[in-house]
There are 2 protein chains.
Amino acid sequence: MKVNFKKQNRLKEFSKDKSKIGLKNSQKRTLIIEYFLHEDKHFSVEELYNEIKKISSEISYSTVYRTLKLLTTCGLADECNFDDGITRFEPVHKAQHHDHLICKRCGKIIEFKNNEIEKLQQDVAKKYKFSIKFHRLALYGLCSECKKKQRGN
Amino acid sequence: MKVNFKKQNRLKEFSKDKSKIGLKNSQKRTLIIEYFLHEDKHFSVEELYNEIKKISSEISYSTVYRTLKLLTTCGLADECNFDDGITRFEPVHKAQHHDHLICKRCGKIIEFKNNEIEKLQQDVAKKYKFSIKFHRLALYGLCSECKKKQRGN
DNA sequence: GTGAAAATGAAAGTCAATTTCAAAAAGCAA
DNA sequence: TTGCTTTTTGAAATTGACTTTCATTTTCAC
């Protein structure tokens, strides 16, 4: 498992905070956190649980669930909803907010960032004297590969 | 209950289709549909059920639920999710797609439309060779009234 | 090591959404 | 109108993802 510097720092941060907020250093939790932060993917609890199980069969669904919620509370993970009733978690990239393209055929999730859209959102908010705390933008459709496949059919 | 022309037409359309797809003309369903289409609001099943109950106490939650699902299938209603785990339904305005501003304090839902944002979404899609079938954009925050109240506190 | 506090797993509970099924209503045909 | 078939309905049960409970295990400061 390749460890990238930024992510290691995030994990270290997490470790530093732990004592302050009364957390103990659990091996299982650490394994889950490392796996989750190093994989740059969107995981449902179920999905992460299934992958973790392969590495360490002694980790329960509850622990995976609780760890993801904990990371969310600590600001190291974000919860996403993509219209299928399943909550997914993604590692927070502190540097940049982003939105999502979701392929309805293969389920692929692509992240994108568009400053112009964000600016226009602020314009909309201003028009309605509204202050935006956060937003969700998801574009649903077909990714390039699935488009090719569909033509083939 | 004021009936606007466009909505009456939509209802008529619905009625026309009914026989073709094997639906019978139920009084209760008709009442629910009329109420839903004439109120230009976002309803959860629960909310619509509570309002309908006041008019006709003999209509059950199941019927309201099934009617809203039916309207969605027929393309006369859309399902929305605003990050609170509750599905809301809105009458489809055939003329225009729109997005939402949601006040996290009072729950108010404001609809808006911004062609520039839509255009930029297409640009994003093109960049990733993605074809968009539909999208969801929701801006969460505080509406003008709630901002005022908050200052007052 | 000992003891207090936190973490864990399995099972139970929650809650909105959805389905089931027996009874009621709709509507076609005689 | 009556009889018959199909659809609709209400109440209750079920589903499925999420969340909590609680007895047991692990952590860690002393």
Side-chain angles (χ1 to χ4, degrees), chain A residues 11 14-36 42-50 52-53 55-74 77-90 107, chain B residues 14-36 42-50 52-74 77-90 107:
Chain A
L11 203 54
F14 176 76
S15 306
K16 260 191 287 179
D17 292 337
K18 267 209 303 291
S19 50
K20 288 183 205 156
I21 54 178
L23 295 179
K24 288 186 172 170
N25 212 340
S26 133
Q27 290 185 356
K28 291 175 180 177
R29 184 162 56 199
T30 301
L31 174 65
I32 296 167
I33 292 173
E34 289 193 346
Y35 191 93
F36 174 71
H42 297 74
F43 283 106
S44 66
V45 176
E46 186 84 34
E47 284 161 358
L48 183 53
Y49 169 63
N50 285 332
I52 289 286
K53 218 168 29 180
I55 302 170
S56 168
S57 58
E58 298 297 304
I59 293 180
S60 73
Y61 177 95
S62 301
T63 301
V64 174
Y65 167 78
R66 279 187 283 233
T67 301
L68 285 174
K69 290 303 257 188
L70 181 62
L71 285 176
T72 304
T73 306
C74 294
D78 261 347
E79 291 188 20
C80 309
N81 279 284
F82 297 134
D83 254 48
D84 61 357
I86 291 168
T87 301
R88 268 165 254 267
F89 295 78
E90 62 179 10
Chain B
F14 176 77
S15 306
K16 262 192 286 180
D17 292 336
K18 267 211 300 293
S19 49
K20 290 184 203 153
I21 54 179
L23 295 179
K24 287 186 174 171
N25 212 342
S26 133
Q27 289 186 355
K28 290 176 179 177
R29 184 160 57 200
T30 301
L31 174 65
I32 296 167
I33 292 174
E34 290 194 346
Y35 191 92
F36 174 70
H42 297 75
F43 282 106
S44 67
V45 177
E46 185 85 32
E47 284 161 357
L48 182 53
Y49 169 61
N50 285 332
I52 290 284
K53 219 169 27 180
K54 291 177 201 159
I55 302 170
S56 166
S57 59
E58 297 298 303
I59 293 180
S60 73
Y61 178 95
S62 303
T63 300
V64 174
Y65 167 77
R66 279 187 284 232
T67 301
L68 285 173
K69 291 303 255 189
L70 181 63
L71 286 176
T72 304
T73 305
C74 295
D78 262 348
E79 291 188 18
C80 310
N81 281 283
F82 296 134
D83 255 49
D84 62 357
I86 290 168
T87 301
R88 267 166 256 267
F89 296 78
E90 62 179 11

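Residue numbering restarts at 1 for every chain, and letters A, B, ... go by the order of the sequence lines.
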Q: Give a yes/no on whether any side-chain N or O of Thr63(B) is located under 4.0 angstrom from OP1 or OP2 of dG10(D).
A: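 Thr63(B) to dG10(D) OP1/OP2: side-chain N or O found under 4.0 Å.
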Q: Charged N to carboxylate O below 4.0 Å: is that the case for Arg88(B) and Glu47(B)?
A: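 Yes, charged N to carboxylate O under 4.0 Å.
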Q: What does the B/S/- profile of nucleotides 18-30 of chain D look like, 5' to 3', with a 4.0 Å heavy-atom cutoff to protein?
A: SBBB-----BS--
Q: Quick check: closest heavy atoms across Phe36(B) and Glu90(B), and the distance to 0.1 Å?
A: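 Taking every non-hydrogen atom into account, CZ-C, 3.5 Å.
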Q: So which heavy atom on Val45(B) is nearest to which on Val64(B), and how close?
A: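 Residues Val45(B) and Val64(B), closest heavy atoms: O-CG1, 3.9 Å.
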Q: Quick one: closest heavy-atom pair of Thr87(A) and Asn81(A), and the distance?
A: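 Scanning both residues, the minimum pair turns out to be OG1-OD1, 3.7 Å.
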Q: Parallel, tilted or perpendicular, judged at 30° and 60°: which one describes the rings of Tyr61(A) and Tyr49(A)?
A: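 Geometry flag for Tyr49(A) against Tyr61(A): perpendicular rings.
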Q: Roughly how many Å is it from CG in Asp83(A) to P in dA17(D), rounded to a whole number?
A: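 Those two atoms, CG and P, are 16 Å apart.
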Q: Once you round it to whole Å, what is the distance between P of dA7(C) and CD1 of Ile33(A)?
A: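 Rounded to whole Å, this separation is 10 Å.
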Q: Is a side-chain N or O of Lys28(A) found less than 3.5 angstrom from the main chain of Glu58(A), in a donor-acceptor match?
A: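 Yes, because the side chain of Lys28(A) sits within donor-acceptor range (under 3.5 Å) of the backbone of Glu58(A).
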Q: Atom OH of Tyr49(A) and atom P of dA17(D): how far apart are they, to the nearest Å?
A: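 After rounding, the gap between these two atoms is 15 Å.
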Q: How close or far is atom C1' of dA7(C) from atom CD of Glu58(A), stated in whole angstroms?
A: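 About 15 Å, once rounded to whole Å.
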Q: Which whole-number value in Å describes the distance from Leu70(A) CG to dT8(C) C1'?
A: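 That distance rounds to 14 Å.
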Q: Tell me: NZ of Lys53(A) to P of dG9(C), nearest whole Å?
A: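 Atom-to-atom, Lys53(A) to dG9(C), this comes out as 13 Å.
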